[in-house]
Structure formats: structure tokens, C-alpha cells
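Data block below; observations after.
Lettering of chains follows the sequences in order, A, B, ..., and the numbering in each one begins at 1. This one's a predicted model, so the numbers in the text were calculated from it and none came from an experiment.
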4 protein chains.
Amino acid sequence: MQREIRPLGRPRQDHQNKPTKTVILDVATQLFLDKGYQVVSMDDVAKECGVTKATVYYYYKTKADLFTDAMVQMMLRIKKRIFDILSTDKPLKDRLLEFAKAHLEATVDIDINGFMKEAKTSLSNEQLQQMKEAEDKMYEVLELALTAAMEKGEVPQGHPQLGAHAFVSLLTIGNYRDAGQKPIFPSIDEMTEQIVDFYWNGLGN
Amino acid sequence: MQREIRPLGRPRQDHQNKPTKTVILDVATQLFLDKGYQVVSMDDVAKECGVTKATVYYYYKTKADLFTDAMVQMMLRIKKRIFDILSTDKPLKDRLLEFAKAHLEATVDIDINGFMKEAKTSLSNEQLQQMKEAEDKMYEVLELALTAAMEKGEVPQGHPQLGAHAFVSLLTIGNYRDAGQKPIFPSIDEMTEQIVDFYWNGLGN
Amino acid sequence: MQREIRPLGRPRQDHQNKPTKTVILDVATQLFLDKGYQVVSMDDVAKECGVTKATVYYYYKTKADLFTDAMVQMMLRIKKRIFDILSTDKPLKDRLLEFAKAHLEATVDIDINGFMKEAKTSLSNEQLQQMKEAEDKMYEVLELALTAAMEKGEVPQGHPQLGAHAFVSLLTIGNYRDAGQKPIFPSIDEMTEQIVDFYWNGLGN
Amino acid sequence: MQREIRPLGRPRQDHQNKPTKTVILDVATQLFLDKGYQVVSMDDVAKECGVTKATVYYYYKTKADLFTDAMVQMMLRIKKRIFDILSTDKPLKDRLLEFAKAHLEATVDIDINGFMKEAKTSLSNEQLQQMKEAEDKMYEVLELALTAAMEKGEVPQGHPQLGAHAFVSLLTIGNYRDAGQKPIFPSIDEMTEQIVDFYWNGLGN
DNA sequence: TATGAATGAGTGTTCATTCAT
DNA sequence: TATGAATGAACACTCATTCAT
């Protein structure tokens, strides 16, 4: 009697209940984050979703459309996450720590710069615009939190937009691995603390 | 009498004198920096060099080889540039300003993170290793300068590796353009000053 | 107050009242005449009708069926038009002029030869047969008129079938445009007259 | 012992000696004439040539390019054939008979109208222009012969361009097959004679 | 040292068609 | 009567790579 064949590799998710379009978007987002726009083929997306390529095209007219949608949704999700964490009334530094930790814990390295670059060579102007707008909104919530903290005197007066970008760029340090695959700090906690400390100093505290 | 016809677009460089292999490497570097690994085809490289694809393959066994070589050379060049600038005995902050300005003035955005990511999905382990080593060497010269400054008391004691990565990551802020194509600061000088100030504070000064 | 937004391009017809099947057939005929069998997709037809592709398939089992039906209907319509015009008791040449003018005034170039060729490579034998029969009936009414005229002595004795085909083939001259987009004759009236004159001579008059 | 395997269907031509590009062009011409632009795939061409699709693309950048080249070459060939036949100093009617017979004997039906229509929806403007120019040149040689004959008084004065188009369009009658696959005339000789007679009358003789 | 020719394996995209509802 | 979802098979086109010369 033949037992069930266990397929190799990560078992295809069940995606239970979720409407196909959502499944596609989620899977695509994951793949694009993992490997970048060019490397992921529509077939890859389809296979990972357990549907055919034609089905993917039923929901997204082009690969660029799918990518744009995936990236925009992702950035909106991050924006919301930033917003939720920064909206509490704990001291700003605690909130930054909390967000940084959450971000660094996420396995995928969200290399927004890199995505914007791929976008620049592969998307239509309109799509690029959509991505930029989502990106900007992401930075805006950070800026707002910084502006508020500056007004409250919690942080020295300064350039909030610079502050927002500095924070995000410093977080990318967490993705670094040296030739021996080692990150700069052995634990995420220490990484978080050191980066946020550096940042906090940078703001002029 | 018909004058010389001026072809459209960027005129194909003459590449005079330089040995073919060097021409190929230089051209490839430029193209990879501009558009990324995946987007540049071996044909693109060949055409831009004024040779045939087969010639490119005569010098580089695979595209991945060419990319690895190009990236490694580039990082060694940057390392040298950092080294040269940081080796002078001006105050550290002045040296940082000088390097930052030089870097921000270069038109191409040298998105090392992005290149490492493309490398991860497309190169052999050995090639990846080569790139990582070149990357590490780049950071090392920065670390050394920081360590020296810390020992001299020019800068508070701290984590030099973090310092090195923080500097490089903050420089990426210069590449940002918002939805209206505007950078954060109107001039490179102001950008440089503000970023280095932020960084300087971050170091604990 | 915002007025109704006028969509771009040819306004989607309302197709009011007409039963869906008729709408589909009419729209399909128009599209096939305009662009040919291969180039028109079932989606094109559906969109232009304001229904879904599945609806088109509800009424026509295959694209080839739809095409066959469209072409047959069209040829029957032409046959009727020929019949109506040729049935009057004006002199034959006047009737020919009238029909030629009506035909040349229709914007679409009804390239029956071309349609028969597309049919040959894409339709089932049965469908091809249907089209040929409709085509033949079209020529027959012309033949009948010619035969009658020959019997009446209005035209020299000759080969009526040849006469019919010659007339139709000469009419295609009207579709010709040279490299500068110019037709052979500047006005439809002159075109008509010259073609019919040539034809009339050809018949032996 | 296994004997040579006889492949099914028409044996792949040997194309001996001919350079690949010529083979491709010849095969493509044949296929396009047989089935039309849309129906023939680049794979079809490649397979029939015994090469891979990539090889076809090595010589022709796009399918439209290949089609354009094929059609232009074909029309130039026809032009030459017309020229050669019409250049002799036999009476015009004899020359017309000779050309008509040669044309009607060729198995493929050269439906220039149909090709121009496919071209209109599928080629770039430049390509269309090339085709139109070749088409025009084809008609021109006919026109020249007619003009000369009119000047010599061999044929009544008339509109030579109309005469050229009328001749070509009347020749298409030879392609007609009725629902029972029968042509209008049982033999090519009779077909030729009758068509040329009709034409000769049409010219006003 | 350099190249022209050739290819295998994709890649994004389209489309006629089916089917459950 | 009408449709939304899904698909298989194709299609135009690309590209890294090889090889004989």
C-alpha cells in the first residue's frame, strides 16, 4: 500500500479560504521581498500559489502591476505598523526601540532602496509614482512622530525628514552579514539597542 | 558634401589604448552600477564596448564572473578612496565630510546592499565570498579610522564596526527622491553637512 | 457640477432592444471586417458588446462558429443588396454603376478573397462549406443578371460566371492606396465610372 | 537491425549550400504565402528550416521584420518577372497572355490585397511603407508597358494605372474555387485566355 | 585574440475554451 | 440567460552560453 507522497521542500501553503487574488498578492510579496523583481518569474508566483500563470494574469494585467501592488501594499502595512507603534504615549525612545525590534525580527530584509531601483528600470511612470507615494507616506508617519516629539521638547529641534530617513537607513545595518555570515551584533536585542542608541544620539540628545 | 553623421545617444567611448579586458570590466562596472545585475545583458556589455559577445566570453567565463570581478574592483577602488581620504591627519570630522561629499557627488547611486542581494540569488558561493570579502575590507578601513580616533580620544569610545556601517548606511539618504523627484536637501553641500552632523552626534559627540 | 464624462474613442454602442445574440453577431461582423479573423479575439468581441466572454460562448460554441455565421450573414446581406439593385429595370450599366458606387462608398474594405483564405486555414470543412455556399449565392445573383442581359441582347453573349467574378474583383481596385495613401482616382464617383467603364468594355460592348 | 527511420510528412528540404539567412527567408515566404502572417509562427518557420527559433531571431529581429522582408523580396521578384516577360517585343496581348499563364500556373495564390491588410494591422509604419513601395514598383512596370503600348497605338489611349490594377485584380479570379472545389474554367489555358480576352476588351480594344 | 553562428531554456503575455453557479 | 474564475497551449522574444574558425 502506497503511503502519501511527501513532497520535498516547503509544503505548499494551504491558503485556506483566502480569495485567490489575495493569495497571489501575498505570495508575490513574499517572493519579491526574498529575491527581487527580476529574479521572480510569473511562473514562480503561480507555482507557489498552486495556480497557473494564466490565473495570475487573470488578476494582474502585467508583472509590473503585480509588483507595484505588492510593494505598495507592503509599504502601507509597514506604515500602519509604524503608526500603531508610534501612536502610543510611551516615551519616544521606547517606541523607537519597539518598532526597531519588530522590524529587525522580521526575517526578510526589506530593502526599500533596492526595490525603488528595480522599479526605476522596470515600471511605468505611473507605477513608479504609486510606489513613491506609498514610500513617502511611510516616511511621513515617522516624521510626524518626530515633529511631535520635537514640539514636546522630548527631542531637540531638528530636521524631521532627515530623522525619518536616518532611522530607516540605520535599520538596514541589521541585514548585514560578514564573509563568515555573522551579523554585527550577536543578538537582535543588542542590535536593536545599539542602533537605537546611535540614532538617539544622532538626533542630538 | 556630407559631414560625419553623429549617432544619437551617448557616444560610444573610444576606449583607446586600454586593453580589451579592461575596457570590458570598466564598461560592465558602469552598466551594473547603473541598472543592476539582472537587467544588464552580456550583449549590452559587448555592444557598449564595441566588441562581440563572444569576445566578452573570451575574457570572462560567465556573466556572474564578470559581475563579481566588476563589483570587487569597484569596492576595492572605494576602499582605496576611503583610505586615501581618511589617511590625512585632518580632524576626523573634516575627513568624514570630505569623503561624504565626494561620495554624494558621484552620480551613480552605489547601492551596495542591493548588489549584495542580487549576488545572493545569482552568484556561486565562491563568488559571493569574494564580494563579501571586498565589502568587508571596505568597511575595515573605516573601522580602523574610527578605532584610531577613539584611541586618540577624538571621538568617544564606541563600537567601531557599528560606526562604519552607520556611516555608509546614512550616506544612502542622499539617493532618496520623493514623489516629486526632490531630494531631502536642496544642495549636496547641505546634504553632506547635515548627514555628517547627524552621524557625528550618533557617535556620541 | 460635473457633467457626464465622455469616454474616449468610439462610443460603445447602446445596442438597445436588439437581442444579445444579434448584438454579438453584428459587433463581430464589424470587427472581423475591420481587422480579420485572427486579429480579433473573443474578448474584443465581448468587450465591444458590453458582455463577458462567457456570454459570447453561450451563443456561439467556438470562435470559428461565430466567424462563419458573421461571414455568411454578411454575404447574404450583400447578395440581397445586389439583388435589390439589379432587380430594377433600368439599363444594366446604370444598375452596375449604382451597385459599384454603393459598394465603393462603404468604408470597410470587404476583402472576400482574404476572408476565404483565413477561413481555409482556420475553419472546419463544414464551416468552410457554409461560407463557400454563401459566397457562391452572392455571385449567382450577379450571374443571373448578366445572363438575363445577355439574353435580352443588352450585352454580348459571354461567360456570365466570369463576368460576375470580374466585376467583383475589379471593385477591389477601389481599396488600393499607394505609398502616399492616395487611391487611384481622387473621387469615388470617378473611380466608379472608370471601373464600370472598363468592366463594360470587358464584357465586349 | 533497425532500418533508417523514415520521418512522416514532407521531408525537410535539404537547403543545400544556401546560407541560413536565405533558407529562412525562402521558407518564411513560402509559409506566409500559404497561410498568412498571423497563422505562421516563428516556431513554424524555424522547424521548417531545421533550425531553432533563436536562429531565426539571429537573422531577423522581429516576426514583422521577417514578414516585411519576405513580402518585399517576393514583390520584387514578381516585378522582375513582369519586367522580363513584358520587355520582349512580341505584341502586347501575347506578352500579357504569357505573364498571366505563368502567374496562374504558380500554385500559391498571391493575394497581395490580403497581405497588405494583414500588414496594416501588424507592421510598423516604416515596414508598411517598405511593402507599399515594393507593391507600387510592381504595378509601375505594368503601367510602363501599357503606356508604351498606348503610345505605339497598340492599345487605345486610357488610364495606365487603372489598367495595371485591373490586370492584377482580374488574375485573382484564377484562385476562386466554388463549393465543390471547382475553378471557373477547367484548364489553366482556358482560364488564361478568357481572362486576358476580358481584360483586352476592357482596355477598349 | 576575436568572432559569427547557433541554441536550449526560459520569460512575459495572450487567448480560445470550460465550468460551476 | 449570463458570468467570474480558471486553465492549457501557444506565442513572440531574450539571453547566457558554446564552438568552430
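In this view, Gln73(D) and Asp69(D) satisfy the side-chain hydrogen bond (donor to acceptor under 3.5 Å, both in side chains) rule, not counting sequence neighbours. For the side-chain hydrogen bond (donor to acceptor under 3.5 Å, both in side chains) test, no residue two or more places apart in sequence or in another chain qualifies with Asp43(A). For Phe115(C), the ring pair (Phe, Tyr, Trp, His ring centres under 6.0 Å) test picks out no residue, with sequence neighbours left out. Remark: Tyr59(D) engages no residue in a ring pair (Phe, Tyr, Trp, His ring centres under 6.0 Å) (not counting sequence neighbours). Residues satisfying the ring pair (Phe, Tyr, Trp, His ring centres under 6.0 Å) criterion with Phe32(B), sequence neighbours excluded, are Tyr37(B), Phe67(B). Judged as a salt bridge (charged side-chain N to carboxylate O under 4.0 Å, His left out), and not counting sequence neighbours, the contacts of Asp26(B) are Lys18(B). Val72(C) pairs by the side-chain contact (heavy atoms from CB on, under 4.5 Å) definition with Thr68(C), Leu76(C), Gln130(C), Met131(C), Ala134(C), not counting sequence neighbours.
Computed from coordinates, the Met42(D) CE to dT7(E) P distance equals 14 Å when rounded to whole Å. What separates OH of Tyr57(D) from C1' of dA9(E) is a distance of 15 Å, to the nearest Å. As a whole-Å value, the separation of Phe67(A) CZ from dG12(E) P is 13 Å.
Chain D approaches DNA chain F within less than 4.0 angstrom (heavy atoms of the protein), and the contacting nucleotides run 5' to 3' from dC11(F) to dC15(F).
Of the residues near DNA chain E, Tyr58(B) and Tyr37(C), the one whose nearest nucleotide (by heavy atom distance) lies more toward the 5' end is Tyr58(B). Along DNA chain F, the nucleotide closest to Asp44(B) and the one closest to Asp43(D) are compared, and the more 5′ of them pairs with Asp43(D). Between Ala54(A) and Ala64(D), it is Ala54(A) whose nearest contact on DNA chain F lies nearer the 5' terminus.
Across all strands, Ser41(B) comes closer than 4.0 Å only to sugar-phosphate atoms, never to a base (heavy-atom distances). Counting non-hydrogen atoms under 4.0 angstrom, Val40(A) reaches the backbone sugars and phosphates but no base. Nucleic acid contact for Tyr60(B): none, since no nucleic acid atom lies under 4.0 Å from a heavy atom of the residue.
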- Dot-bracket encoding of pairs in DNA chain E, which uses [ ] for pseudoknotted crossings and | for another strand, Watson-Crick or G-U under 3.5 angstrom: .||||||||||||||||||||
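In this model, a side-chain donor or acceptor of Lys53(A) finds a partner on the base of dT13(E) within 3.5 Å.
Relative to the six-membered ring of Tyr57(B), Lys63(B) misses at least one condition, a distance below 6.0 Å or an angle of at most 45° to the axis. Cation-pi geometry between Lys21(C) and Tyr60(C) is met: the NZ or CZ atom falls under 6.0 Å from the ring centre, inside 45° of the normal.
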